[in-house]
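One is the number of the first residue; the rest follow in order along the sequence.
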Amino acid sequence: MRLITVPGCEAIPLVNGFNRLVIENIDLYWQLQQLLQGDETIEGYYSMDNKPQKIKNTVVMLGDLVNPHDYGKIFAPKIGQVLQHYCSDESQNELFRLNEQIKDIVIEQIDESNLPFEISDEWAIGELFKYCKLVLLPPTTHSANGIMRYIIETASQLGDDRLFVVCDIGRYLSESDQLDLITTINELKLNFLELRQTGVRPAYLDTEAFHVIDEDYVMF
């Protein structure tokens with residue numbers, strides 16, 4: 001069970017997949033955005049299985065999709081992990097062998113120069129990937145629909161289980177596009193939360209995935 005808790009109202013339960021939260025109180029709306037951006041001065045927390053999480057590690061606040069985002073930086077923590085997962089034993093052994101050759105050259109230079117240095121024996125393939133400066137290919141479109149698809153496909157491919165938070169995709173997407181994207185998110189079991197200031201539950205969205213907090217902080 002994943003919950004978002006802010007002072008003054010009930011804990012907000014999130015289902016696995018797509019969630020929509022309508023917050024009619026403008027102060028609470030902005031407060032929650034700041035909380036999910038990792039502002040530690042805002043009271044509240046995001047928890048999984050009753051364990052509060054460090055928001056900067058478990059939540060990605062995308063906000064308004066038409067604003068520029070550094071998607072390479074957003075997904076950077078997952079890139080090396082995924083490449084290592086797909087890297088065959090043969091390839092890893094070859095990389096280890098080449099890494100040892102590089103170390104031998106460095107050690108030789110240290111000895112010839114009589115420098116008071118030593119080199120680590122540690123083998124960390126993740127550090128090698130960092131050295132290669134792996135970068136994520138950027139989206140090929142700047143439309144809201146294209147960006148949403150890019151985020152969904154990238155998160156799925158990288159096995160990213162963080163909570164992605166977007167704001168009011170209804171301003172840019174038709175109902176049919178929203179339904180299509182939400183269906184994909186739920187099929188892939190990705191974790192998404194959309195924040196809105198107004199709205200009613202559409203027929204295609206389950207009641208468990210839709211919550212409203214009114215001006216008086218009452219949730220229904």
Side-chain angles (χ1 to χ4, degrees), residues 1-25 27-63 65 69 71 73-86 126 136 148 150-169 178-179 181-197 199 201-202 204-214 216-220:
M1 171 66 75
R2 293 176 299 123
L3 297 171
I4 293 176
T5 304
V6 289
C9 62
E10 300 175 49
I12 305 158
L14 303 178
V15 300
N16 292 327
F18 183 88
N19 297 264
R20 179 173 293 167
L21 174 60
V22 176
I23 304 177
E24 297 177 349
N25 184 297
D27 291 333
L28 180 60
Y29 180 81
W30 292 113
Q31 181 184 358
L32 184 56
Q33 281 202 45
Q34 289 176 297
L35 172 68
L36 296 176
Q37 285 172 351
D39 187 340
E40 296 181 354
T41 66
I42 302 297
E43 290 187 65
Y45 56 88
Y46 169 61
S47 65
M48 291 188 285
D49 298 325
N50 296 318
K51 296 178 181 177
Q53 304 294 306
K54 192 168 183 61
I55 286 178
K56 289 185 177 180
N57 296 335
T58 55
V59 177
V60 179
M61 169 53 85
L62 295 168
L65 292 175
H69 294 88
Y71 294 103
K73 186 176 181 180
I74 288 171
F75 289 106
K78 300 291 182 180
I79 294 175
Q81 298 173 19
V82 172
L83 181 56
Q84 185 171 349
H85 175 74
Y86 283 100
L136 184 71
M148 275 291 290
Y150 170 82
I151 294 167
I152 292 167
E153 292 168 2
T154 304
S156 176
Q157 190 171 13
L158 296 180
D160 200 326
D161 60 356
R162 292 176 295 175
L163 176 67
F164 290 83
V165 184
V166 296
C167 295
D168 202 354
I169 59 176
Q178 292 178 63
L179 172 57
L181 289 169
I182 290 170
T183 300
T184 302
I185 288 169
N186 289 335
E187 288 176 347
L188 295 174
K189 295 181 171 57
L190 300 174
N191 296 315
F192 268 76
L193 171 64
E194 181 197 11
L195 302 179
R196 291 192 179 193
Q197 290 180 260
R201 183 180 69 85
Y204 55 76
L205 201 58
D206 292 341
T207 55
E208 294 84 1
F210 181 83
H211 300 285
V212 177
I213 300 177
D214 68 11
D216 299 318
Y217 287 61
V218 176
M219 187 170 72
F220 57 93

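What you find for G38 and K56 is that their closest heavy atoms are O-CE, 3.7 Å. Residue Q84 comes nearest to G126 through the heavy atom pair OE1-N, 4.4 Å, listed as atom of the first residue, atom of the second, then distance.
By the ring pair (Phe, Tyr, Trp, His ring centres under 6.0 Å) test, Y71 pairs with H69, Y150, sequence neighbours left out. Partners of T41 by side-chain hydrogen bond (donor to acceptor under 3.5 Å, both in side chains), not counting sequence neighbours, listed by chain and number: D39. Judged as a side-chain hydrogen bond (donor to acceptor under 3.5 Å, both in side chains), and not counting sequence neighbours, the contacts of R20 are Q178, E194. F75 pairs by the ring pair (Phe, Tyr, Trp, His ring centres under 6.0 Å) definition with F164, not counting sequence neighbours. Scanning for side-chain hydrogen bond (donor to acceptor under 3.5 Å, both in side chains) contacts around Y45 gives an empty result, with sequence neighbours left out. Every residue two or more places apart in sequence or in another chain was checked for a side-chain hydrogen bond (donor to acceptor under 3.5 Å, both in side chains) with D206, and none qualifies. Checked against side chain to side chain contact (heavy atoms under 4.5 Å, CB included), I12 has the following partners two or more places apart in sequence or in another chain: I4, L14, L21, H211, I213, M219. When the side chain to side chain contact (heavy atoms under 4.5 Å, CB included) test is applied to A76, no partner is found at least two apart in sequence or on another chain. For Q197, the side chain to side chain contact (heavy atoms under 4.5 Å, CB included) criterion is met by I26, Y29, not counting sequence neighbours. Applying the side chain to side chain contact (heavy atoms under 4.5 Å, CB included) rule to K54 yields the partners E40, N57; only residues at least two apart in sequence or on another chain are considered. Partners of D160 according to the salt bridge (charged side-chain N to carboxylate O under 4.0 Å, His left out) rule, which considers only residues two or more places apart in sequence or in another chain, are R162.
Rounding to the nearest 0.5 angstrom, the gap separating the CG atom in N16 from the CD1 atom in I185 is 13.0 Å. Between C9 atom SG and I23 atom CD1 the span is 7.5 Å, to the nearest 0.5 Å. Here the CD1-CG distance, from I74 to L136, works out to 9.5 Å after rounding to the nearest 0.5 Å. Distance CG/L193 to CG/L62: 11.0 Å, rounded to 0.5 Å. Note that CE of M61 and CG of L35 are 8.5 Å apart. Values are rounded to the nearest 0.5 Å. Note: E153 CD to L190 CG = 10.5 Å, rounded to the nearest 0.5 Å.
In this structure, the side chains of N50 and M1 stay at 4.5 Å or more apart for every pair of heavy atoms. Looking at heavy atoms from C-beta onward, I79 lies out of side-chain contact with L83 at the 4.5 angstrom threshold. Using a 4.5 Å heavy-atom cutoff, the side chains of M148 and V166 are in contact. When side chains are defined from C-beta on, I169 counts as touching R196, because their heavy atoms get closer than 4.5 Å. Counting heavy atoms from C-beta on, the side chains of I151 and F192 come closer than 4.5 Å.
The 12-atom threshold is exceeded at CD of Q34, counting heavy atoms of other residues, nucleotides or ligands nearer than 6.0 Å.
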### Query
Does the side chain to side chain contact (heavy atoms under 4.5 Å, CB included) test come out yes or no for L188 and Q157, once each step is laid out?
CA-CA 10 Å; L188 295 174; Q157 190 171 13; over 6 Å; no

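Under a 3.5 Å cut-off, the side chain of Q53 and the backbone N or O of K51 do form a donor-acceptor pair.
The side chain to side chain donor-acceptor pair (under 3.5 Å) analysis of residues 183-193, with sequence neighbours excluded, yields the pairs R2-N191.
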